[in-house]
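Below is one structure, written out as structure tokens; the observations come after it.
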Amino acid sequence: MIREAVPVDIPAIGDLEDELFGAEAWASESLLDELQTPGRVLFVFADEDDEVLGYAITMLAGDVVDLERIGVRADSQRRGVAGQLLDSALDQARRDGADRMLLEVSSVNHEALGFYAGADFRQIDVRARYYRDGSDALVMARSLGPSCNWSS
């Protein structure tokens, strides 16, 4: 089940951040700020016992939504959780009036690059040596409607 996160979800999300992102993980205080800041949406994918298996965080800025984070617990990966979270984020972005979604992903994260390419994102820019490990951030974008024209 996908639902908007509530403060009691923050410890579980923080644990997933540490597991998935290591040195790039966000602190629990930052996650709580995301939950409480207007224009930000934090979704969780929870099982029947309401245990958090994955999460996604978006930020609305005018007609653009940034997919700030998406993460799925290791034992729940490759089961459609990330796809469902992304679909929920895309649907919410459309309801909020956005016409495109942007994200940044490490150039060495081949699984994520394949996932986003399969969801119709395409690379529009590179941020050299953006991550702590020295890898580049690939900036990717996806139209949320038929009227968006990517000219860059």
Side-chain angles (χ1 to χ4, degrees), residues 1-5 9-10 12-28 30-31 34-35 39-48 50-61 63-152:
M1 161 181 81
I2 295 179
R3 60 174 171 74
E4 285 195 35
D9 295 319
I10 295 300
I13 296 167
D15 289 346
L16 282 173
E17 272 286 306
D18 292 338
E19 173 189 330
L20 298 169
F21 296 103
E24 301 283 342
W26 291 359
S28 292
S30 296
L31 294 167
E34 291 292 312
L35 186 64
R40 312 285 169 90
V41 180
L42 204 163
F43 296 100
V44 295
F45 185 105
D47 66 11
E48 59 276 352
D50 208 32
E51 186 174 350
V52 175
L53 304 179
Y55 63 99
I57 304 171
T58 63
M59 177 181 69
L60 177 66
D63 62 352
V64 176
V65 166
D66 285 330
L67 179 63
E68 295 187 311
R69 283 292 213 230
I70 192 164
V72 177
R73 202 168 77 181
D75 63 357
S76 297
Q77 292 176 1
R78 300 197 181 285
R79 296 184 180 176
V81 173
Q84 290 180 56
L85 285 163
L86 180 58
D87 287 345
S88 292
L90 291 165
D91 289 344
Q92 182 66 49
R94 287 184 191 99
R95 285 192 300 274
D96 289 340
D99 65 13
R100 63 192 178 279
M101 182 176 278
L102 300 176
L103 61 88
E104 294 170 347
V105 61
S106 172
S107 61
V108 299
N109 189 341
H110 301 291
E111 288 182 32
L113 289 168
F115 171 72
Y116 293 125
D120 297 327
F121 284 85
R122 69 181 191 100
Q123 182 181 332
I124 60 169
D125 202 0
V126 176
R127 295 176 196 236
R129 297 173 305 281
Y130 182 80
Y131 294 105
R132 289 183 185 167
D133 66 1
S135 65
D136 296 341
L138 305 184
V139 181
M140 301 183 82
R142 177 197 159 138
S143 171
L144 300 180
S147 63
C148 191
N149 180 13
W150 302 110
S151 55
S152 55

Original post:
Rounded to the nearest 0.5 Å, how far does CD1 of Ile13 lie from CG of Asp18?
Top reply: 12.5 Å

**OP:** Identify the heavy atoms of Ala137 and Glu104 that sit nearest to each other, and give their distance.
**Re:** CB-CB, 4.4 Å

**OP:** Indicate the atoms forming the closest heavy-atom contact of Leu60 with Ala98, along with that distance.
**Re:** CD1-CB, 4.2 Å

**OP:** For the pair Arg94 (side chain) and Leu144 (backbone), establish whether a donor and an acceptor sit closer than 3.5 Å, ignoring hydrogens and angles.
**Re:** yes

Original post:
Distance from Tyr130 atom OH to Asp136 atom CG, nearest 0.5 Å?
Top reply: 12.0 Å

Original post:
With respect to Asp125, which candidate in Leu102, Val139, Leu138 satisfies the side chain to side chain contact (heavy atoms under 4.5 Å, CB included) definition?
Top reply: Val139

Subject >> Donor-acceptor contact below 3.5 Å, side chain Glu19 vs main chain Arg73 >> reply: no

Original post:
Just by modelled atom types, is the Glu68 backbone N or O under 3.5 Å from a matching donor or acceptor in the Asp66 side chain?
Top reply: no

Original post:
Is there a side-chain contact between Met1 and Asp50 (heavy atoms, below 4.5 Å)?
Top reply: yes

Original post:
Hey, what do you get for CZ (Arg122) to CE (Met140), rounding to the nearest 0.5 Å?
Top reply: 10.0 Å

**OP:** Using a cut-off of 6.0 Å, state whether more than 12 heavy atoms not belonging to Arg3 lie near its atom CZ.
**Re:** yes

Original post:
Can you tell if the side chain of Ile57 reaches within under 4.5 Å of the side chain of Trp26, non-hydrogen atoms only?
Top reply: yes

Original post:
With Asp87, which residues qualify under salt bridge (charged side-chain N to carboxylate O under 4.0 Å, His left out), at least two apart?
Top reply: none

Original post:
Do Thr58 and Gln92 come within less than 4.5 Å of each other through their side chains, counting heavy atoms only?
Top reply: no

Subject >> Spatial distance of atom CZ (Arg142) from atom CG (Asp99) [nearest 0.5 Å] >> reply: 12.5 Å

Subject >> Minimum side-chain heavy-atom gap Leu35-Arg40 below 4.5 Å >> reply: no

Original post:
If you look at every heavy atom in Leu113 and Ser107, which pair is closest and at what distance?
Top reply: CD1-O, 3.6 Å

Original post:
Does the side chain of Leu67 reach to within under 4.5 Å of the side chain of Tyr116, using non-hydrogen atoms?
Top reply: yes

Original post:
Just how far is it from atom CZ of Phe43 to atom CG of Leu85, taken to the nearest 0.5 Å?
Top reply: 8.5 Å

Original post:
How far does OG of Ser28 sit from CG of Asp15, to the nearest 0.5 angstrom?
Top reply: 7.5 Å

**OP:** Could you pull out all residues at least two apart from Arg78 that satisfy salt bridge (charged side-chain N to carboxylate O under 4.0 Å, His left out)?
**Re:** Glu111

Original post:
Taking all non-hydrogen atoms of both residues, which atom of Ala93 and which atom of Val65 are closest, and how far apart?
Top reply: CB-CG2, 3.5 Å

Subject >> Side chain to side chain, Glu24 and Asp133, heavy atoms closer than 4.5 Å >> reply: no

**OP:** Check whether any side-chain heavy atom of Phe121 lies under 4.5 Å from a side-chain heavy atom of Leu86, and answer yes or no.
**Re:** yes

Original post:
Does some side-chain heavy atom of Gln77 sit less than 4.5 Å from a side-chain heavy atom of Leu20?
Top reply: yes

**OP:** State whether Phe21 and Arg69 meet the cation-pi test: NZ (Lys) or CZ (Arg) under 6.0 Å from the six-membered ring centroid, and within 45° of the perpendicular axis.
**Re:** yes

Original post:
Any idea which heavy atoms bring Ala5 and Val44 closest together, and the distance?
Top reply: CB-CG1, 3.8 Å

